[in-house]
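Only one structure is covered here, and it is reproduced in the block below.
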Amino acid sequence: MPIARRFQKLQVQWPMRGSNCSKGRVWQPTAGAAAGVAWLPFERAGRRLKRKVVVVRAEGGLKVGSGPFVVVCCRGPASGLGRSCPPPPRLLSDPSVPGPALRSTRAPPAAARCRPGPHCGPAAATMSLHGKRKEIYKYEAPWTVYAMNWSVRPDKRFRLALGSFVEEYNNKVQLVGLDEESSEFICRNTFDHPYPTTKLMWIPDTKGVYPDLLATSGDYLRVWRVGETETRLECLLNNNKNSDFCAPLTSFDWNEVDPYLLGTSSIDTTCTIWGLETGQVLGRVNLVSGHVKTQLIAHDKEVYDIAFSRAGGGRDMFASVGADGSVRMFDLRHLEHSTIIYEDPQHHPLLRLCWNKQDPNYLATMAMDGMEVVILDVRVPCTPVARLNNHRACVNGIAWAPHSSCHICTAADDHQALIWDIQQMPRAIEDPILAYTAEGEINNVQWASTQPDWIAICYNNCLEILRV
């Protein structure tokens with residue numbers, strides 16, 4: 001990923017609201033009808049298209065038109081809520097007057113699903129500055145940001161961890177939080193990290209009952225304990241039993257059902273499942289240690305990513321991708337065999353995979369230097385059910401909506417974060433429904449699991465959280 005080179009800045013597309021929607025007319029909604037209609041341009045394959053956009057007032061699910069994302073298209077049922085698009089509402093007498101047409105309701109975004117299944121995630125808290133809600137919050141780090149993750153603890157709502165990308169041994173990890181009084185990000189803690197972190201994750205503890213832990217991968221898997229004033233290393237995990245050195249780790253995942261279970265992927269073709277343990281010693285409570293539960297050769301070449309599935313109870317099944325261009329699925333209860341879900345037709349290395357948070361039958365992956373994201377259904381191996389290919393540069397990040405099985409966000413070197421509605425699969429998904437243009441090549445994207453109104457992106461040395 002070309003994250004260490006200089007980036008060309010582009011102008012940010014600000015929220016579509018009132019007179020800011022310069023490409024068309026803003027409509028006043030009628031009761032129970034669409035919240036707004038406008039004409040917006042959208043570039044596809046080098047052609048500038050003009051599409052009719054219907055912005056709906058959602059009673060649940062993904063709310064559009066309320067944040068910095070710009071609506072780019074709408075097809076079929078309005079906003080994926082299963083309703084037909086209503087007739088055009090009446091036009092405002094003064095289209096430049098910003099009314100409630102393009103503002104979202106404050107209903108919890110938990111109901112838009114294209115398939116039956118449980119939903120999760122409370123409505124996000126409204127952040128304010130002098131009585132006005134902000135849609136974008138920005139933090140500038142002293143170095144290029146690559147790794148990034150949201151905290152899920154209920155008492156740390158707007159806390160994120162950031163990892164530096166400096167091409168030398170000495171790197172940093174910062175813990176930043178949004179001060180709700182000043183509406184500014186504040187660096188809470190900074191600690192040294194050997195080499196850049198390939199990934200970092202907070203412990204998936206939505207109830208705040210476990211120790212406040214942060215894991216990082218690089219040359220080793222490290223688990224850190226985060227305190228109010230300092231962050232200390234709890235344990236360093238080496239998957240090479242015969243040496244003090246191990247092959248670099250490309251990624252890892254923390255099991256959401258069993259937080260004492262982690263999985264790592266490595267360039268030595270292996271995946272390792274780790275078990276964490278807590279003990280007590282004099283003067284130090286809940287000392288964390290770890291041991292290898294299982295280590296297996298997962299691919300023919302380097303393994304680039306690993307992710308646990310919520311299927312089968314959410315504890316035993318995981319998938320991995322690697323340089324051999326395949327997606328493989330494993331079951332910890334039956335490790336004598338694996339299932340090849342997909343193989344890239346050109347055998348390009350696959351860099352990342354991400355499971356649908358609501359429907360464990362679906363996952364997304366992307367190839368090295370590829371400009372598209374492939375959606376797979378594990379029930380139909382080897383055949384993609386959708387290809388998301390509107391990016392004009394290589395894709396770097398994928399994030400499924402935590403509260404909806406139909407929505408996914410992709411981010412790429414073309415400075416764009418795109419949100420897609422995939423409910424019409426297996427029919428082709430032509431265009432995204434929302435788009436945001438950043439000031440640089442986006443290296444990573446994360447959709448907050450406990451606050452589904454917010455998406456975080458990082459580019460250059462900047463972190464931005466965006467309200468959907």
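Side-chain atoms are counted along with the backbone in the values below, which use heavy atoms only and exclude waters and symmetry mates.
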Could you label the plane-to-plane angle of the His193 and Trp224 rings as parallel, tilted or perpendicular, counting under 30° as parallel and over 60° as perpendicular?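 His193 and Trp224: tilted rings.
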What is the minimum heavy-atom distance between [X] and [Y], and which atoms define it?
| X | Y | answer |
| --- | --- | --- |
| Gln423 | Cys406 | CB-SG, 4.0 Å |
| Glu430 | Trp420 | O-CZ3, 4.3 Å |
| Ile429 | Ala386 | CG1-CB, 4.1 Å |
| Ser183 | Leu178 | C-CD1, 4.0 Å |
| Asp413 | Ile442 | OD1-O, 4.3 Å |
| Cys354 | Trp400 | O-NE1, 2.9 Å |

ask   = Applying the side chain to side chain contact (heavy atoms under 4.5 Å, CB included) test to His407, which of Ile433, Asn356, Leu434 qualifies?
value =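 Testing His407 for a side chain to side chain contact (heavy atoms under 4.5 Å, CB included) against Ile433, Asn356, Leu434 leaves exactly one candidate, Ile433.
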**Message:** List the residues meeting ring-ring contact (aromatic ring centres under 6.0 Å, His included) with Phe185, not counting sequence neighbours, and say none if there are none.
**Reply:**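 Here no residue qualifies.
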Taking ring-ring contact (aromatic ring centres under 6.0 Å, His included) as the definition, give me every residue that meets it alongside Trp254, ordered by chain and number, with sequence neighbours left out.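 Counting only residues at least two positions away or on another chain, Trp254 forms no ring-ring contact (aromatic ring centres under 6.0 Å, His included).
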Inspect the contact between Lys172 and Asp192 and indicate whether a charged nitrogen and a carboxylate oxygen are less than 4.0 angstrom apart. yes
With a 4.5 Å cut-off on side-chain heavy atoms, are [Y] and [X] touching?
| X | Y | answer |
| --- | --- | --- |
| Tyr304 | Pro349 | yes |
| Val173 | Thr231 | no |
| Asp179 | Glu184 | no |
| Tyr436 | Ile455 | no |
| Val378 | Trp355 | yes |
| Pro432 | Ile419 | no |
| Met201 | Phe252 | yes |

Does the side chain of [X] come under 3.5 Å of the side chain of [Y] through a donor N or O and an acceptor N or O?
| X | Y | value |
| --- | --- | --- |
| Asn171 | Ser164 | yes |
| Ser449 | Trp150 | no |
| Ser151 | Arg153 | no |
| Thr250 | Ser265 | yes |

[atom1]/[X]: more than 12 non-hydrogen atoms of other groups inside 6.0 Å:
| X | atom1 | value |
| --- | --- | --- |
| Lys301 | NZ | no |
| Tyr220 | OH | yes |
| Glu168 | CD | yes |
| Arg427 | CZ | no |

Margin query: Just to verify, which of Arg159, Arg232, Lys156, Arg225 counts as forming a salt bridge (Lys or Arg N to Asp or Glu O under 4.0 Å) with Asp212?
Written below: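 Only match with Asp212 under salt bridge (Lys or Arg N to Asp or Glu O under 4.0 Å): Arg159.
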d(Asp431 CG, Asn389 CG) to nearest 0.5 Å is 9.5 Å
*Residues two or more places apart in sequence or in another chain: which of them pass side chain to side chain contact (heavy atoms under 4.5 Å, CB included) with Ala141?*
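Tyr139, Trp143, Val145, Gln174.
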TODO: Run the numbers on Asp253 and Phe318 for side chain to side chain contact (heavy atoms under 4.5 Å, CB included), then give the verdict.
DONE: CA-CA 9 Å; Asp253 194 28; Phe318 66 93; over 6 Å; no
Check: Asp205 side chain, Tyr210 main-chain N or O, donor-acceptor pair, under 3.5 Å:
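Checking the backbone N and O of Tyr210 against the side chain of Asp205, a donor-acceptor pair under 3.5 Å is found.
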Are the aromatic ring centres of Trp454 and Phe158 under 6.0 angstrom apart?
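They qualify: ring centres under 6.0 Å apart.
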